[in-house]
Amino acid sequence: MKGTPKKRESCNGALSSFKSKLIADGKSPHTVSSYSRDVKPFIIFADDEPITENLLNEYFSTVALKNEKNGRNRDTASVNKIKSSLKAYLKYLRKPKLCEVIKLKSTQRKEPAFLTDIERLKLLKSIRTTKGNLALRDNAFISTMLLAGIRVDALVKLDIQNVNLDEKKLTIRTKGDKIIKVFMNSKLRSVLKRYLRYRIKLSSDSEALFLSNRMSRITSRQVSFRLKYWLDKAGIEKVISPHSLRHTFATQLLQKTQNLRIVQKALGHEYLETTQIYTHILDDEMEDALDLL
């Protein structure tokens, strides 16, 4: 009824609307579920009490430290994940000062696996010197990951119509089902132009850009299997996954530009902190430069 003072939204109600906001923002079901799973125990702990700095400190010094399944202490990365989820929740509640109260502990992040320039060229040579339609297709999707830096989930969702050679753009569906356009350089356009001449002749009801042997959309698992096949053939023993090709793209780009912001934009990272896993590259190059002094 108009004019009636609005009642304070309950914590449970706030969580429900928070989840709705995440969905509206295009967050993936996995992300929504993860945030909800992290925030719900805090809501139960708070028991509708006003959220204060003391309440947060008490929560993070007791409940949040323990794994409810086995009673053991959580590792730093797990606690940081819970803290990040709660920060997002408090940000939604428009409590910026409480967001500042939550501090994440630094953790030693594992450097991402990637191909060196020599390994990358060996891999591509192995594919491109092999005749046949499978090699043609595999060269196209491996080159797409190496030269556009897209995730394998986005790769397998590509349709023929997503490739615009004239505009030099590839339309992809990213995390959270967001649609964005990424630039295709001349090397990638050349590879895809050749592949498309073959692809459009195939008799298939699927609009997928990359097809399996059964003429259906290729899966992430099949991409992993084919990548492993070519790595073995090229004699590359390093453990490399499709996501490692994205790391290879980022590593190359950072080496060429020396600009972390450009890499952040190319990868579609929301926060620069996410991109900082590649800073070891700049550190190594700085040491090489200092050796030359």
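Positions are given from 1 along the sequence.
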Verdict with supporting geometry, Asn164 and Lys181, side-chain contact (heavy atoms from CB on, under 4.5 Å): CA-CA 10 Å; Asn164 192 319; Lys181 291 185 178 183; over 6 Å; no
Walk me through whether Thr116 and Lys238 qualify under side-chain contact (heavy atoms from CB on, under 4.5 Å). CA-CA 11 Å; Thr116 64; Lys238 188 183 291 182; 4.2 Å; yes
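With 3.5 Å as the limit, one finds no donor-acceptor pair spanning the side chains of Thr248 and Thr251. In the model, Arg128 has a side-chain atom that pairs as donor or acceptor with a side-chain atom of Ser143 under 3.5 Å. Judged by distance alone, the side chains of Lys233 and Thr130 do bring a donor and an acceptor atom under 3.5 Å apart.
Scanning for side-chain hydrogen bond (donor to acceptor under 3.5 Å, both in side chains) contacts around Lys81 gives Ser34, Asp38, with sequence neighbours left out. Residues passing the side-chain hydrogen bond (donor to acceptor under 3.5 Å, both in side chains) test with Ser190, sequence neighbours excluded: none.
Put simply, the side chain of Arg217 gets close to the backbone of Val156: a donor and an acceptor are under 3.5 Å apart. The closest donor-acceptor contact from the side chain of Arg189 to the backbone of Lys168 lies at 3.5 Å or more, if one exists at all. Side-chain atoms of Arg246 come within 3.5 Å of backbone atoms of Gly149 as a donor-acceptor pair (strictly under, hydrogens ignored). A donor-acceptor pair under 3.5 Å is absent between the side-chain atoms of Arg120 and the main chain of Phe114, judged by distance alone.
No more than 12 heavy atoms of other residues, nucleotides or ligands shown are found within 6.0 angstrom of CD1 on Ile118.
Between Phe141 and Phe210, the two ring planes are perpendicular [angle over 60°; tilted spans 30° to 60°].
Separation of atoms CG (Leu22) and OH (Tyr89) is listed at 11.5 Å; rounding is to 0.5 Å.
Salt-bridge check for Asp153 with Lys157: failed, with every basic side-chain N at 4.0 Å or more from each acidic carboxylate O.
Taking the side chain as every heavy atom from C-beta outward, Phe42 and Leu56 approach each other to under 4.5 Å.
Relative to the ring axis of Tyr229, Arg226 places its NZ or CZ within 45° and under 6.0 Å from the centre.
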